[in-house]
Amino acid sequence: MKLFLMLLFITIPFFAFAYDHNYSATGIDGKGNPVQGAVYSNNGDIDVGGEITDENGALHSFQGKWNGYGHVSGETDQGDSLELDTN
């Protein structure tokens, strides 16, 4: 029992810091149209994903990378480029 408790206390800190980050984001697509939505990333990961709503109200998923503090560059599921800033 003591071994189990010791292993439990050792592994808890590793899992406590592995969480997802969620940000609201606004920006423009490759055609200069405004977009807004949500950006999701894992702690310490440069890759991000999320959902973006275009100016017509259509929802698109996207994949991208952090490109500076609070800035994301990526592409939608339709292949349109995006430049986003997180709020």
Side-chain angles (χ1 to χ4, degrees):
M1 184 67 175
K2 288 181 183 181
L3 178 62
F4 173 74
L5 289 174
M6 185 170 27
L7 289 174
L8 181 66
F9 288 124
I10 290 172
T11 58
I12 286 176
F14 293 111
F15 295 114
F17 295 106
Y19 57 91
D20 292 337
H21 298 280
N22 303 317
Y23 304 95
S24 60
T26 57
I28 57 171
D29 64 13
K31 300 172 188 166
N33 299 319
V35 294
Q36 64 181 16
V39 174
Y40 310 107
S41 70
N42 290 322
N43 196 25
D45 198 357
I46 194 169
D47 296 318
V48 298
E51 292 85 31
I52 294 296
T53 305
D54 64 20
E55 66 178 349
N56 298 320
L59 185 65
H60 302 278
S61 61
F62 83 93
Q63 296 293 315
K65 295 190 181 295
W66 289 108
N67 185 14
Y69 184 79
H71 186 76
V72 174
S73 296
E75 288 188 352
T76 67
D77 53 354
Q78 302 292 316
D80 297 325
S81 63
L82 294 173
E83 297 295 326
L84 303 171
D85 292 311
T86 58
N87 301 333

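Along the sequence shown, residues are numbered consecutively beginning with 1. No experiment lies behind these values; they were computed from the predicted model shown.
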Show the nearest heavy-atom pair for residues N42 and H21, with the distance to one decimal. C-CD2, 4.2 Å
Residues in side chain to side chain contact (heavy atoms under 4.5 Å, CB included) contact with Q78, at least two apart in sequence or another chain: H60, T76, D80
With a 4.5 Å cut-off on side-chain heavy-atom distances among I, L, V, M, F, W and Y, is there a chain of contacts connecting Y40 to Y69? no
Please answer whether the main-chain N or O of A58 pairs with a side-chain N or O of D54 as donor and acceptor at a distance below 3.5 Å. yes
Which atom of D47 lies closest to which atom of S41, heavy atoms considered: O-CB, 3.9 Å
Heavy-atom check, side chain of V72 versus side chain of W66, under 4.5 Å: yes
What residues form a side chain to side chain contact (heavy atoms under 4.5 Å, CB included) with N33, not counting sequence neighbours? D29, K31, E55
Please give me the minimum heavy-atom distance between A25 and V39, naming the atom from each residue. CB-CG2, 3.5 Å
In terms of side-chain heavy atoms, does E83 have a donor or acceptor partner in S73 at a distance below 3.5 Å? yes
CG (N22) and OG1 (T86) are apart, to the nearest 0.5 Å, by 11.5 Å
Is any side-chain heavy atom of Y23 closer than 4.5 Å to one of L84? no
Looking only at heavy atoms, what is the nearest atom pair of E51 and L59, with distance? CB-CD1, 3.8 Å
